[in-house]
Amino acid sequence: MSEEFPMPRACPFDPPPRYAELREHTPVSAVSIPGGRSAWLVTGHANVRETLANPHVSSDRTHPGFPLVMPGFGENLKGSILTMDPPEHNRHRRMVTPEFTVRRVQGLRPRIQEIVDGQIDELLAGPRPADLVEALSLPVPSLVICELLGVPYSERGFFHARTAEILSKGTTAERRTAAMGEVRKFLHELVTHKVGNPGEDLLSRLVVKYQEAGLFDHQVMSAMALTLLIAGHETTANMISLGTVALLENPDQLAELREDPSLMPGAVEELLRYFTIVESATSRVATQDIEVDGVLIRAGEGFIASGASANRDPRVFEDPDTLDIHRSARGHLAFGYGLHQCLGQNLARLELEIVYTTLFRRLPGLRLAVPFEELPFKHDANVYGLHSLPVTW
Ligand code: HEM
């Protein structure tokens, strides 16, 4: 009988304790995933990198052997670069790569700062305690994506309400599907609007360069817009919440960061390593027999390459279960590895740096409004995080 994946956690800040034993003794082990199907779980840092870089694996979520941990989730990703293999993947990814270089992304810094300040103004003007997820974690990445896609100001409220509904715990499955449909329709219409009315945004540039030139069609543009939303919203939101809690729980390190904000980029990197909130997205199916650490993964079999485990591998990170903003977290796999490595990573880093710096500067008395043990961590979700984060100041 193989073990079930996902495995239980003991502490909300750490991945399942079983990973340490697996890394040591069976770094490629058989697991059963929701729905009763079997898959391989890859836990060592070197093996995770090796499998994600292997040319004989596929990201196609419709492949019958693909280990879909959240059944049905593949539907939302139809037509997305996340599910494509070369050469199609290269063509689509090349279209957006220039938009996410460090230089391009740094150009967004003043706008992101304004967005964060605006949300914190609202938070300060509102009642205490407040839910930081609702007040800051969800709206900031949503508004940044609106900025990228050039969503008109008058429609940002609609866009944000729908995306927040998709991600909210309280939303029924039917409402979630309906909200998803509304967002798809909205993005489709947005692309239509950009044709002939291009603005200064990323989506307009893509439409002008690729759609109007006949290189990609309307469908491709809408799928790209939806991918940026799906890939960049919940991930960044959960890192904002988790990073905030981790720094509140480590007041000495927080004090150092307040004293010297130049430590923040290193702290962001370490927080990304420490939490590695995206785990099951780095799953693949083998397209040929491949051997990993002496284990044969046959063509058609799926595996989960666990960055959450890899990033706690003591062969790569000394004392890996300790949060240490001074360590070099370089080489962490929180953004994946290989062809599909996160396209938006420079943007995510910048958002996190600005949010943490601004939040702790403007709310020096920020603290949890409930005991740590009562925080609602998301144990069962696609992306690890927090459903809500009650704070006061
Ligand atoms: C802290 C925040 C984030 C984390 C932890 C994260 C993590 C990841 C991971 C692990 C992957 C690899 C998936 C795979 O191997 O199949 C990925 C892919 C991707 N991410 Fe992110 N991401 C974050 C933020 C963002 C943002 C802000 C954007 C853009 C707005 C973005 C856009 C993408 C896209 C488009 C892909 C697919 C790339 C491809 O398939 O070639 N991500 N992300």
Side-chain angles (χ1 to χ4, degrees), residues 42 48-49 51-54 57-61 66-69 73-74 77 79-97 99-101 104-105 108 112 137-138 140-149 163 201-203 206 223-243 268-285 302-308 310-311 329 332-356 382-385:
V42 183
V48 167
R49 278 175 33 148
T51 49
L52 290 176
N54 192 307
V57 305
S58 166
S59 286
D60 180 359
R61 263 80 177 163
F66 193 94
L68 268 185
V69 174
F73 193 71
L77 297 176
S80 159
I81 54 168
L82 268 160
T83 71
M84 288 177 191
D85 294 325
E88 192 189 19
H89 175 264
N90 312 0
R91 283 178 53 234
H92 287 245
R93 177 142 176 159
R94 254 204 317 265
M95 162 169 78
V96 271
T97 309
E99 296 288 344
F100 288 93
T101 58
R104 252 291 157 73
V105 164
L108 291 167
I112 298 176
S137 310
L138 281 174
V140 167
S142 170
L143 290 169
V144 170
I145 291 163
C146 283
E147 202 69 28
L148 286 183
L149 300 179
T163 52
D201 53 275
L202 175 157
L203 191 58
L206 296 188
M224 184 61 80
L226 188 64
T227 300
L228 295 178
L229 171 65
I230 291 179
H233 189 200
E234 190 182 8
T235 44
T236 313
N238 282 319
M239 269 311 297
I240 291 175
S241 305
L242 291 171
V268 166
E269 227 47 54
E270 170 64 349
L271 289 165
L272 286 160
R273 177 197 73 87
Y274 191 64
F275 285 111
T276 313
I277 54 170
V278 175
E279 185 174 31
S280 52
T282 48
S283 298
R284 302 288 186 267
V285 53
F303 63 86
I304 301 147
S306 171
N311 283 342
H332 74 70
L333 306 177
F335 289 122
Y337 191 74
L339 286 183
H340 292 272
Q341 194 182 79
C342 182
L343 175 75
Q345 56 186 283
N346 296 324
L347 178 60
R349 288 185 173 103
L350 182 64
E351 287 184 58
L352 295 175
E353 183 200 317
I354 295 175
V355 168
Y356 300 143
N382 221 19
V383 178
Y384 190 60

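All values below were derived from every heavy atom in this structure, side-chain atoms included, with hydrogens, water molecules and symmetry-related copies excluded. Read the numbers this way: they start at 1 and go in the same order the structure lists the ligands and their atoms.
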Going by the order shown, which atoms of ligand 1 are within less than 4.0 Å of some heavy atom of [X]?
X	answer
Leu228	30 (C)
Leu339	41 (O)
Ile81	38 (C), 39 (C), 40 (O), 41 (O)
Ala281	14 (C), 16 (O)
Thr236	2 (C), 24 (C), 27 (C)

Would you mind reporting whether His340 and His89 have side-chain heavy atoms less than 4.5 Å apart?
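SC-SC contact between His89 and His340 confirmed.
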
What protein heavy atom sits nearest atom 15 (O) of ligand 1, and how far off is it?
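Scanning the protein heavy atoms, the shortest distance from atom 15 (O) of ligand 1 goes to Arg284 NH2, 2.8 Å.
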
Starting from atom 13 (C) of ligand 1, what is the nearest protein heavy atom, named by residue and atom, and what distance separates them?
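Going by distance alone, atom 13 (C) of ligand 1 is nearest to Leu82 CD2, 3.8 Å.
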
Looking only at heavy atoms, which two atoms of [X] and [Y] are closest? And how far apart?
X	Y	value
His92	Met224	O-CE, 3.7 Å
Thr282	Ala305	OG1-O, 2.8 Å
Gly302	Pro67	CA-CD, 3.7 Å
Ala334	Leu272	CB-O, 3.4 Å
Leu242	Tyr384	CD1-O, 3.9 Å

Arg91/Glu88 salt bridge by N-O under 4.0 Å criterion
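Answer for the salt bridge query: no.
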
Identify, with sequence neighbours excluded, every residue that meets salt bridge (Lys or Arg N to Asp or Glu O under 4.0 Å) alongside Glu279.
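Testing Glu279 for salt bridge (Lys or Arg N to Asp or Glu O under 4.0 Å), a comparison that skips the adjacent residues, returns none.
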
Salt bridge (Lys or Arg N to Asp or Glu O under 4.0 Å) partners of Arg349, counting only residues at least two apart
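Applying salt bridge (Lys or Arg N to Asp or Glu O under 4.0 Å) to Arg349 gives Glu269.
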
Any Ala334 heavy atom less than 4.0 Å from ligand 1:
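True for this residue.
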
Between ligand 1 and Val383, can you find any atom pair, the residue atom being a heavy atom, that is separated by under 4.0 Å?
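Judged by the 4.0 Å heavy-atom criterion, Val383 does not count as contacting ligand 1.
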
Select one of side chain, backbone, both or neither to describe which atoms of [X] lie under 4.0 Å from any atom of ligand 1, heavy atoms only.
X	value
His89	side chain
Met239	side chain
Leu272	side chain

Could you tell me whether [X] and ligand 1 have an N or O pair separated by under 3.5 Å?
X	result
His340	yes
Glu351	no
Arg93	yes

Where do Ser59 and Arg284 land on the side chain to side chain donor-acceptor pair (under 3.5 Å) test, with the steps shown first?
CA-CA 5 Å; Ser59 286; Arg284 302 288 186 267; 3.2 Å; yes

Can Leu343 and Thr227 be said to form a side-chain contact (heavy atoms from CB on, under 4.5 Å), step by step?
CA-CA 11 Å; Leu343 175 75; Thr227 300; over 6 Å; no

Results of ring pair (Phe, Tyr, Trp, His ring centres under 6.0 Å) for His233 - residues two or more places apart only:
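For His233 there are no ring pair (Phe, Tyr, Trp, His ring centres under 6.0 Å) partners, ignoring immediate neighbours.
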
Is a donor on one side and an acceptor on the other found under 3.5 Å between the side chain of Asn346 and the backbone of Phe100?
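Yes.
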
Return the set of protein N, O or S atoms whose distance to atom 21 (Fe) of ligand 1 is under 2.8 Å, each given as residue and atom.
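Correct list: Cys342 SG.
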
